[in-house]
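Every value quoted in this text rests on a predicted model; they were computed, and no experiment measured them. All heavy atoms count here, side chains included; hydrogens, waters and symmetry mates do not.
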Amino acid sequence: MSDNSMHSGIVSPKGIWWVPAAPQERKWVIVAFIWCMILFAMMPLWHLRGGQNPSGIRAKVSAADYEARVNRFIEEHKVGEDKGVPIVAPPPGSDVYLLGRMWSWSPILKLKKDTEYTLHLSSVDLNHGFSLYPVNINFQVVPGYDYGLKVTPSKAGEFSIICNEFCGIGHHLMVGKVIVEE
Amino acid sequence: MNSISNLAAKFRTCPVTGLKVDRTAENLIKVNAVVAVVCLLLGAVAALLIVLTRWQAVHLLPAEWYYRLLTSHGLNMLIFFIIFFEMAVLYFAGPVLLNCRLPAPKLGWVNFGLMVIGMIMVNTMVYTGKADVTFTSYPPLMADPMYYLGIILFAVGALLVTFQFMATLVVAKKEKTYEGSIPLVVFGALTANIIAIITLLHGALIFIPAFLWSLGLMNMDPQIYRLVFWGLGHSSQQINVAAHVAIWYLLAGLTCGGVVLSEKVSRAAYVLYILFISMASAHHLLVDPGFGPAWKVWNTSYAMYLAVLASMIHGFTVPAGVEMGLRLRGYTNGLFEWLRKAPWGDPGFSGMALSVVIFGFMGGITGVTIGTEQINIIAHNTLRIPGHFHVTVVGGTALAFMAVTYYVLPLIFQKRVAFWGLAKLQPYLFGIGISIMGMGMIFQGIFGVPRRHWDITFSGALFPVEFHPAVTFFQAVMGIGGIIAFTGALAFILIAVVTVFFGKTVTEADLKSGASGLPQGVLKLPPQVHTGAHVVKAHETGARGTVVLVGIFFVCFVLYYFTNWKILSFLWKVG
Ligand code: HEM
Ligand SMILES: [Cu+2]
């Protein structure tokens, strides 16, 4: 149909149809292509310039090893307890460990504002979801994997950790806490 | 003589389109469509109950049943309803549109049997409480082995149908049942079919190990499972996209004589879908510990967003094709006369048009944004995710499937559509309802409200959490939208079931007199080929109205995208 006729999508095109598109269509393809390149460039750019990236330090870890590491961390820096959950105040700049299990987060972290920590996340049973409220930072917590993220709290106050990956019937009870001090 | 009466038994001639219709293919279209609707009913009842649970003001179900019905809803909607319907689409796009016989007709029934058995096994496991794992079944969460086996049987059946479709193309080519190249709609179905094969192989790669793991015969790494599962799970969404875009082109032609602007551009866009499809898994894993940034950036963008480019192309060519079709039929005044005079009372057209707008405008923009590596940090597993996919796979795919049903009923089932007045309203009810619900979910997600969560008041939890007061409002938006969408789905089911089982058969007289229950494209098929002086004129004018519409779309896209980067930049530093 290389002549001037037009047909619908249920008609077999005859003859050679590999011909240049009309100007409007061609222009739209170009605009869309440029936009796609911008969309792509934004991600590497944010790694260079932006402050929020899900890169992290990533490693495999067994459930038993991770739990032992968390327990050691709690012993070393425990400063109190809230409803049976240990409160831990690690030194600025240190590695901080959080453990997810059905259906709790442990320990409660006491951090300093504007200080960088390496926050390690893992689970000893199922997948869980780390969701910091109300900041709205979300990471997947996968058993067998240690996800170490550099975080710098920018505001003082009390924050909640919600679980946002389905982890069984008590999923909605799984709430933890982070306290940030000036 | 004998062979002629044999032929007559195998084929009938369609009085509207003049196509020769293979009777086995026709029967397979019918049974697959009917089972699809049964699954839709199961899924819709679950939908109503879970949306009324998520709306905390109602909070209907106990926790156990919320998660169970959530599992049932995901499976029956996303897997069973959609895939059974796609099987019907393949039997239609193959033998019917190519005017040829169905090869290995008996195999068609075996496939259908496997799929039905699989579907029943899975539902039995879910409803007896042996598979409370949601449709993603992430290990170490484990279901009964029969659950995985059911999924495997279903997938094998579907895989065989895709092979049968390939065989149909070979038969049609060999027996010369069409001239030139296959029509664009068939090409779209072929794309869906190829993607389906890739997808179902990923499915085998993950569900066979999962089955063995559930029997205690092997280990399963939770992160590898997530990777391969989404190779199945997201690629299958690309089957849906390819299939519903093919339906857009089909309905554009049938409802208003919409044309293909450029075979080259539209087909090239389809090929882009095929090339980059296996990378789709990544955008589910952007905040997972198992993968590094380079892998995430490259894969989530489907190699520099070339699959997005494909969707943006179809998002232009479909409405522009409709505009040209209507301009060719005389609606040439101004920018938008064609749009005002379009057949909005034909549910085949309104459903298609709404599907294009909801999928492209809401689904596309939100999807590209939250699938950006860093922006995913503020979206992962929040209600923004179901908000997004209810405006893609529901407002886009499911609605397109509903729209085409209004043509399948008279053309294949040869029945007049029952409750015609309701049918005219149905796409609006469903489309608008699901959009409202999607918005309600997306805004809650922006406040951090999690998906798959029974109780966001956290009663009984160790520490209290209280959401922003605005969440209460968006909860109501979600609830009300959900109820409207449910009503729309129920109306569709009612219309389809009553038409199929109690509908009046279409007669020649009905076609002549313009009886009710027949969409206008069936009563008087618009010209599918246009020639003459007015075509030259149309080439000159082009699709000016569509240019304005995609311009608006583009501005919204850019604004939404950069607003989200801005929101992200307010977060704690993390990396
Ligand atoms: C009839 C209108 C519908 C309504 C009112 C509705 C409502 C809902 C609600 C409230 C959820 C739960 C969100 C959550 O708590 O996390 C949900 C989840 C979901 N819906 Fe729908 N939905 C509808 C139609 C559909 C259709 C047609 C499909 C697929 C084609 C679909 C696919 C899904 C999927 C895959 C999930 C996720 C399940 C999970 O998280 O495990 N929905 N829907
Ligand atoms: Cu959890």
Side-chain angles (χ1 to χ4, degrees), chain A residues 4-14 17-19 21-22 24-25 28-29 32-33 36 39-40 43-44 46-47 50-55 58 83 126-127 129 131 133-140 142-145 147 149-154 160 162 164-166 169 172-173 175 177, chain B residues 63-64 134 138 140-141 178-181 183-185 222-223 249 253 259-265 286-290 293 297 301 304-305 308-309 312 316 373-374 377-378 380-381 448 450 452-455 458 460-463 465 528-531 535-536 542 547 568 571-575:
Chain A
N4 261 325
S5 71
M6 288 189 187
H7 62 273
S8 78
I10 57 176
V11 176
S12 291
K14 298 177 186 71
W17 45 260
W18 191 262
V19 292
Q24 286 170 344
E25 196 173 2
W28 175 245
V29 174
F33 181 77
C36 287
L39 293 175
F40 183 71
M43 292 187 287
W46 201 264
H47 274 284
Q52 295 78 17
N53 290 291
S55 315
R58 292 157 285 108
K83 298 185 182 150
L126 305 178
N127 272 276
S131 178
Y133 183 79
V135 192
N136 199 15
I137 291 181
N138 304 279
F139 287 99
Q140 186 77 18
V142 182
Y145 289 79
Y147 206 171
L149 294 150
K150 296 217 178 334
V151 296
T152 313
S154 58
S160 310
I162 300 167
N164 70 4
E165 182 59 84
F166 172 63
I169 189 81
H172 63 280
L173 300 173
V175 177
K177 204 150 84 170
Chain B
E64 187 182 23
T134 73
Y138 295 137
L141 207 57
Y178 64 94
E179 251 182 83
S181 309
L184 182 60
V185 171
Q223 183 71 84
Y249 283 116
V259 298
V260 181
L261 293 185
S262 159
E263 291 280 354
K264 175 169 120 176
V265 171
L286 291 174
V287 294
D288 271 38
V297 167
S301 68
M304 322 233 273
Y305 288 102
V308 172
L309 177 65
M312 287 178 76
F316 176 83
E373 190 204 8
Q374 294 90 347
I377 296 173
I378 54 175
H380 181 70
N381 275 356
R452 294 180 164 171
H453 203 282
W454 177 63
D455 183 9
F458 300 90
L462 217 45
F463 307 108
V465 183
Q528 300 294 305
V529 179
H530 306 261
T531 46
V535 178
V536 180
V547 171
L568 180 73
L571 257 53
W572 295 6
K573 281 213 164 27
V574 54

Exercise: identify the closest heavy-atom pair between [X] and [Y]:
X         : Y         : answer
Val287(B) : Tyr147(A) : O-CE1, 3.2 Å
Trp572(B) : Ile137(A) : CB-CD1, 4.0 Å
Gln140(A) : Pro289(B) : O-CD, 3.8 Å
Glu179(B) : Ser12(A)  : O-CB, 3.1 Å

Could you grab the distance from atom [atom1] of [X] to atom [atom2] of [Y], nearest 0.5 Å is fine?
X         : Y         : atom1 : atom2 : result
Ile377(B) : Asn53(A)  : CD1   : CG    : 6.5 Å
Asn138(A) : Leu286(B) : CG    : CG    : 12.5 Å
Met312(B) : Trp28(A)  : CE    : CH2   : 4.0 Å
Lys573(B) : Leu149(A) : NZ    : CG    : 15.0 Å

#### Entry: Leu261(B) versus chain A, the contacting section by heavy-atom distance below 4.5 Å
both

### Message
Is Val547(B) in contact with chain A via its backbone, its side chain, both, or neither, using a 4.5 Å heavy-atom distance?
### Response
side chain

### Message
Check this for me: Phe463(B), atom CZ, are more than 12 non-hydrogen atoms of other residues, nucleotides or ligands nearer than 6.0 Å?
### Response
yes

### Message
If we ignore hydrogens and angles and just use 3.5 Å, is the side chain of Gln528(B) paired with the main-chain N or O of His7(A) as donor and acceptor?
### Response
no

### Message
Between Trp454(B) (side chain only) and Ile169(A) (backbone N and O only), is there a donor and an acceptor less than 3.5 Å apart?
### Response
no

In terms of heavy-atom pairs under 4.5 Å with chain B, which of [options] leads?
options                         : value
His172(A), Lys150(A), Lys177(A) : His172(A)
Ile10(A), Ile162(A), Asn127(A)  : Ile10(A)
Ser8(A), Ser55(A), Pro44(A)     : Ser8(A)
His47(A), Lys83(A), Met43(A)    : Met43(A)
Ala32(A), Ser131(A), Ala22(A)   : Ala32(A)

Heavy atoms only, distances under 4.5 angstrom: which of [options] has the most pairs with chain A? Name it, please.
options                                    : answer
His530(B), His380(B), Arg452(B), Lys264(B) : Lys264(B)
Pro293(B), Gly253(B), Pro450(B)            : Pro293(B)
Val259(B), Asp455(B), Asn381(B)            : Asn381(B)

### pair Leu462(B)-Val175(A): side-chain heavy atoms closer than 4.5 Å
no

### Test item: Leu126(A) and Pro140(B) side chains (from C-beta on) under 4.5 Å apart, heavy atoms
yes

### Val135(A)/Leu571(B) under side-chain contact (heavy atoms from CB on, under 4.5 Å): CA gap, chis, key distance, verdict
CA-CA 6 Å; Val135(A) 192; Leu571(B) 257 53; 4.1 Å; yes

### Query
For Pro134(A), is it the side chain, the backbone, both or neither that has a heavy atom under 4.5 Å from a heavy atom of chain B?
neither

### Task
Examine whether an atom of Tyr133(A) lies under 4.5 Å from a heavy atom of chain B, and if so say whether it belongs to the side chain, the backbone or both; otherwise answer neither.
side chain

### Query
Could you walk me through whether Tyr138(B) and Glu165(A) pass the side-chain contact (heavy atoms from CB on, under 4.5 Å) check?
CA-CA 10 Å; Tyr138(B) 295 137; Glu165(A) 182 59 84; 3.4 Å; yes

